[in-house]
Amino acid sequence: VSLYFVGMTPFDAICHAFSTMGTGGFSTHQTSIAFFDSIQVEYVLILFMFLAGINFTLLYLAIIKRRWKDVWKDGELRCFLLIFVTVTVVGALVLHLVDHRPWETAVRLSTFHTISIQSTTGFTTEDFMLWHPSTWMFVAFITMVGACAGSTSGGIKCIRILTIYKVIVREFKRMLHPHAVFPIRISGTLISNGVVRNIFVFITLYIILTALGTTAMMAMGLTMLDSVSCCITCLSSVGPGYGYVVGPLDSWDVLPDAVLWINSFLMLAGRLE
């Protein structure tokens, strides 16, 4: 309904609504959201991509139960917001100070592409490979991390990143106090050692698959940047690449068939987690 009122046809509005809330990212047009050339459409999608990246249980608590305090106490949500705000601010500053974009344009572009990639929706409005290269590392980071567990997004998920951070802090504390016990809690819930072990196994497999896939694709003639980009964006189910051959607005049909088979496997592996 919102997309229809800001100018989309009913068919486009329905398709993009499903694609947004399912964080699938498919558009009815080859140029994605750039086709509509509408600031209003971008702001509507920013809002709903943000909601799609949040744990749906929290949305239920916030919208139906009105338990706002319980929602704000959620550690994963705060981690998600911290990453989102940090990357958005950095991107907006780079676009304004380095690329000399107007403030509104810089903030809108940075916000749209940050939440699009972090929620693993993958909509694009322009080629962010033309931005300053300092932004590429942030794009790669949020591509790997993804959004919250309990949402439709892909990626490693913020809950795993938060758990790893707490484990690292605990190990530093143990160096100072070897005999102390430091339980890991997230949102008041105790995280067992078994869960921590599973998370580290997951991260290790993610890295191994990325390394193997990158090596195989480089052997087939792709650049290192394109190879890493393809692996990460497929494993995290994001869509847009950030390479020289396959960028945000490029088609993957330029890649060899063997590379497409590898990426097909990585997409399946990424969704299976």
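Keep in mind that the numbers below use all heavy atoms, side chains included, and drop hydrogens, waters and symmetry copies. Just so you know, residue 1 is the first one in the sequence shown, and it goes up from there.
In this structure, a donor-acceptor pair under 3.5 Å is absent between the side chains of Thr111 and Tyr43. Ser187 and Thr189 share no donor-acceptor pair across their side chains, judged by distance under 3.5 Å alone. With 3.5 Å as the limit, one finds a donor-acceptor pair spanning the side chains of Thr23 and Thr152.
With rounding to the nearest 0.5 Å, the separation of CG in Leu266 from OH in Tyr206 is 9.5 Å. To the nearest 0.5 Å, the span separating OG on Ser27 from CD1 on Ile33 amounts to 5.0 Å. Distance CE/Met267 to CG/Leu272: 12.5 Å, rounded to 0.5 Å. In this structure, OG1 on Thr214 lies 10.5 Å from CG on Asp226, to the nearest 0.5 angstrom. For the atom pair CD1 (Ile142) and CD1 (Ile83), the distance works out to 9.5 Å, reported to the nearest 0.5 Å. With values rounded to the nearest 0.5 angstrom, Met8 atom CE is found 7.0 Å from Thr28 atom OG1.
Under the 4.5 Å side-chain heavy-atom criterion for ILVMFWY residues, a single connected hydrophobic cluster contains both Phe200 and Leu235. Residues Ile46 and Val1 do not share a hydrophobic cluster, clusters being chains of Ile/Leu/Val/Met/Phe/Trp/Tyr side chains in contact below 4.5 Å. Leu58 and Leu47 fall within the same hydrophobic cluster, defined by Ile, Leu, Val, Met, Phe, Trp and Tyr side-chain heavy atoms under 4.5 Å apart, directly or through other members. Val107 and Phe128 are members of different hydrophobic clusters when ILVMFWY side chains are connected at heavy-atom separations under 4.5 Å. In the hydrophobic clustering of ILVMFWY residues, with side-chain heavy atoms under 4.5 Å counting as a link, Val90 and Leu93 come out apart.
Of the candidates Leu77, Asp74, Val71, Leu77 is the only one forming a side-chain contact (heavy atoms from CB on, under 4.5 Å) with Ile54. Applying the ring pair (Phe, Tyr, Trp, His ring centres under 6.0 Å) test between Trp131 and each of His113, His96, His100 identifies His113 as the sole match.
Applying the salt bridge (Lys or Arg N to Asp or Glu O under 4.0 Å) test to pairs two or more places apart or on separate chains, those with a residue in residues 157-174 are Lys157-Glu273, Arg160-Glu273, Glu171-Arg174. The salt bridge (Lys or Arg N to Asp or Glu O under 4.0 Å) contacts involving residues 4-17 comprise nothing, where partners must be two or more places apart or lie in separate chains. Residue pairs meeting the ring pair (Phe, Tyr, Trp, His ring centres under 6.0 Å) criterion with at least one partner in residues 63-86, sequence neighbours excluded, are Phe50-Phe80, Phe50-Phe84. Screening residues 107-120 for salt bridge (Lys or Arg N to Asp or Glu O under 4.0 Å), with sequence neighbours left out, gives Glu42-Arg108, Glu104-Arg108. Pairs of residues two or more places apart, or lying in two chains, that qualify as salt bridge (Lys or Arg N to Asp or Glu O under 4.0 Å) and include a residue from residues 115-135 are Arg101-Glu126.
For the pair Ser116 (side chain) and Phe123 (backbone), a donor-acceptor distance under 3.5 Å is present. A donor-acceptor pair under 3.5 Å is absent between the side-chain atoms of Thr20 and the main chain of Leu45, judged by distance alone. No donor-acceptor pair closer than 3.5 Å links the side chain of Thr210 to the backbone N or O of Cys231. In this structure, the side chain of Thr143 does not engage the main chain of Thr233 through any donor-acceptor pair within 3.5 Å. Between the side chain of Ser119 and the backbone N or O of Ile115 there is at least one donor-acceptor pair closer than 3.5 Å. A donor-acceptor pair under 3.5 Å links the side-chain atoms of Ser38 to the main chain of Val41, judged by distance alone. A donor-acceptor pair is defined here as one N or O able to donate and one able to accept, closer than 3.5 Å; no such pair exists between the side chain of Thr121 and the backbone of Ser19. Panel note: side chain Ser110, backbone Thr88; a donor-acceptor pair is recorded below 3.5 Å.
Here the shortest heavy-atom pairing between Arg271 and Ser153 reads NH1-O, 3.4 Å. Taking all atoms of both residues into account, the shortest heavy-atom contact from Gly243 to Ser229 is N-OG, 4.0 Å. Across every non-hydrogen atom of Ala52 and Ser151, the tightest pair is O-CB, 3.2 Å. The shortest non-hydrogen separation linking Ala147 to Gly53 is CB-O, 3.2 Å. Taking both residues in full, the closest heavy atoms of Gly155 and Thr120 are given as N-CG2, 4.3 Å, listed atom of the first, atom of the second, then distance. A pairwise comparison of heavy atoms in Leu162 and Cys79 identifies CB-SG, 4.3 Å as the closest pair.
Qualifying ring-ring contact (aromatic ring centres under 6.0 Å, His included) partners for Phe36, counting only residues two or more places apart in sequence or in other chains: His16, His29. Taking Asp37 as the reference, nothing meets the salt bridge (Lys or Arg N to Asp or Glu O under 4.0 Å) condition, with sequence neighbours excluded. When the ring-ring contact (aromatic ring centres under 6.0 Å, His included) test is applied to Trp261, no partner is found at least two apart in sequence or on another chain. Applying the ring-ring contact (aromatic ring centres under 6.0 Å, His included) rule to Phe112 yields no partners; only residues at least two apart in sequence or on another chain are considered.
Between Phe182 and Val167, the closest side-chain pair of non-hydrogen atoms is not below 4.5 Å. The shortest distance between side-chain heavy atoms of Val139 and Ile117 falls below 4.5 Å. The shortest side-chain heavy-atom distance between Leu109 and Thr125 falls under the 4.5 Å cut-off. Using a 4.5 Å heavy-atom cutoff, the side chains of Val87 and Gln118 are not in contact. Using a 4.5 Å cut-off on side-chain heavy atoms (C-beta onward), Cys158 and Val145 make contact. At least one side-chain heavy atom of Tyr242 sits under 4.5 Å from a side-chain heavy atom of Ile232. Between Met220 and Leu255 the shortest side-chain heavy-atom distance does not fall below 4.5 Å. Looking only at side-chain heavy atoms (C-beta outward), Phe265 and Leu209 come within less than 4.5 Å of each other.
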Practice prompt. Before giving the answer on side chain to side chain contact (heavy atoms under 4.5 Å, CB included), spell out for Thr105 and Leu95 the whole-Å C-alpha distance, their side-chain angles and the decisive distance to 0.1 Å.
Written response: CA-CA 9 Å; Thr105 303; Leu95 285 171; over 6 Å; no

Practice prompt. Given side chain to side chain contact (heavy atoms under 4.5 Å, CB included), test Val245 with Asp250 step by step and report yes or no.
Written response: CA-CA 8 Å; Val245 177; Asp250 295 318; over 6 Å; no

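Here Ile14 sits in one hydrophobic cluster together with Phe18; the rule is ILVMFWY side chains under 4.5 Å apart, joined directly or through other members. Side-chain contacts under 4.5 Å among hydrophobic residues (ILVMFWY), followed directly or transitively, place Val201 together with Leu205. Summarising the hydrophobic clusters (Ile, Leu, Val, Met, Phe, Trp, Tyr; side-chain heavy atoms under 4.5 Å, direct or chained), the residues clustered with Leu268 are none.
Around CZ of Phe56, the count of heavy atoms belonging to other residues, nucleotides or ligands within 6.0 Å exceeds 12. Summarising the local packing, OH of Tyr244 is surrounded by 12 or fewer heavy atoms from other residues, nucleotides or ligands at distances under 6.0 Å.
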